[in-house]
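Note sheet for the following structure.
Along the sequence shown, the residues carry numbers beginning at 1.
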Amino acid sequence: MPTDLPNLLTFSRIAAIPLLVLLVALRHPATDFGACLLFSAAAITDYYDGKLARSRRQQSDLGRMLDPIADKLLVGAALMMLVGTNRLSALALYPAIVIMLREILV
């Protein structure tokens, strides 16, 4: 169900993406730190939504479909913002490309 806690955690990751993009776009040390904290919190919810779904037996078709989509959107948005704001060196661009290709192909 969409209101189960694991699904709500997945929805929260998707809802965090616009805020993450805004924080990175502001280009201030405090907002960079906030973006880092937000991305870390989203990564932690990724762990717990799966763990809770399995332990509470709340696995759903919606969750199985939405969880990888939320992961790809979050990682893709973070990488695109880093590249778009010129925060990656030319050498670091290659791993970012590989990560994006993997996200698209999986």
Report task. Check side-chain contact (heavy atoms from CB on, under 4.5 Å) between T31 and all other residues, then give those that pass, not counting sequence neighbours. Result -> L23, L26, H28

Query raised in the report: Under a single-linkage definition using a 4.5 Å side-chain heavy-atom cutoff for Ile, Leu, Val, Met, Phe, Trp and Tyr, are F39 and L82 assigned to the same hydrophobic cluster?
Result: no

**Report entry** Residue pair D49 / D46, side-chain heavy-atom distance below 4.5 Å
**Finding:** yes

Requested in this report: Using side-chain hydrogen bond (donor to acceptor under 3.5 Å, both in side chains) as the criterion, list what pairs up with N86, not counting sequence neighbours.
Outcome: none

Query - Joint hydrophobic cluster, L38 plus M81, side-chain heavy atoms closer than 4.5 Å - result: yes

Please tabulate, for side-chain N and O atoms in residues 89-106, each donor-acceptor pair with protein atoms closer than 3.5 Å (sequence neighbours left out).
residue: S89; atom: OG; partner: A92; partner atom: N; Å: 3.2

Report task. Any chance you could measure D4, atom CG, to Q59, atom CD, to the nearest 0.5 Å? Result -> 11.0 Å

Report task. State the OG-CG distance between S60 and N7, to the nearest 0.5 angstrom. Result -> 4.0 Å

Query raised in the report: Listed by chain and number, what are the salt bridge (Lys or Arg N to Asp or Glu O under 4.0 Å) partners of R87, not counting sequence neighbours?
Result: D32

Report task. Using the test side-chain contact (heavy atoms from CB on, under 4.5 Å), find all partners of Y48 that sit at least two apart in sequence or belong to another chain. Result -> L9, I44, K51

Requested in this report: Run through the side-chain heavy atoms of Ile, Leu, Val, Met, Phe, Trp and Tyr, join any pair under 4.5 Å, and report what else lands in F33's cluster.
Outcome: L37

Requested in this report: Spell out, as yes or no, whether a donor-acceptor pair under 3.5 Å connects the side chain of R27 to the backbone of T85.
Outcome: yes

Query raised in the report: With sequence neighbours excluded, what pairs up with R57 under the side-chain contact (heavy atoms from CB on, under 4.5 Å) test?
Result: none

Requested in this report: For V24 and A35, work out which heavy atoms get closest and say how close.
Outcome: CG2-CB, 3.7 Å

Please set out all donor-acceptor pairs under 3.5 angstrom arising from side-chain atoms of residues 66-80, sequence neighbours excluded.
residue: D67; atom: OD1; partner: R13; partner atom: NH2; Å: 2.6
residue: D71; atom: OD1; partner: R13; partner atom: NE; Å: 3.3
residue: D71; atom: OD1; partner: R13; partner atom: NH2; Å: 2.9

Requested in this report: Determine, using the 4.5 Å side-chain heavy-atom cutoff (strictly less than), whether F11 and V21 are members of one ILVMFWY cluster.
Outcome: yes

**Report entry** Set of residues satisfying side-chain hydrogen bond (donor to acceptor under 3.5 Å, both in side chains) with respect to R64, sequence neighbours excluded
**Finding:** D61

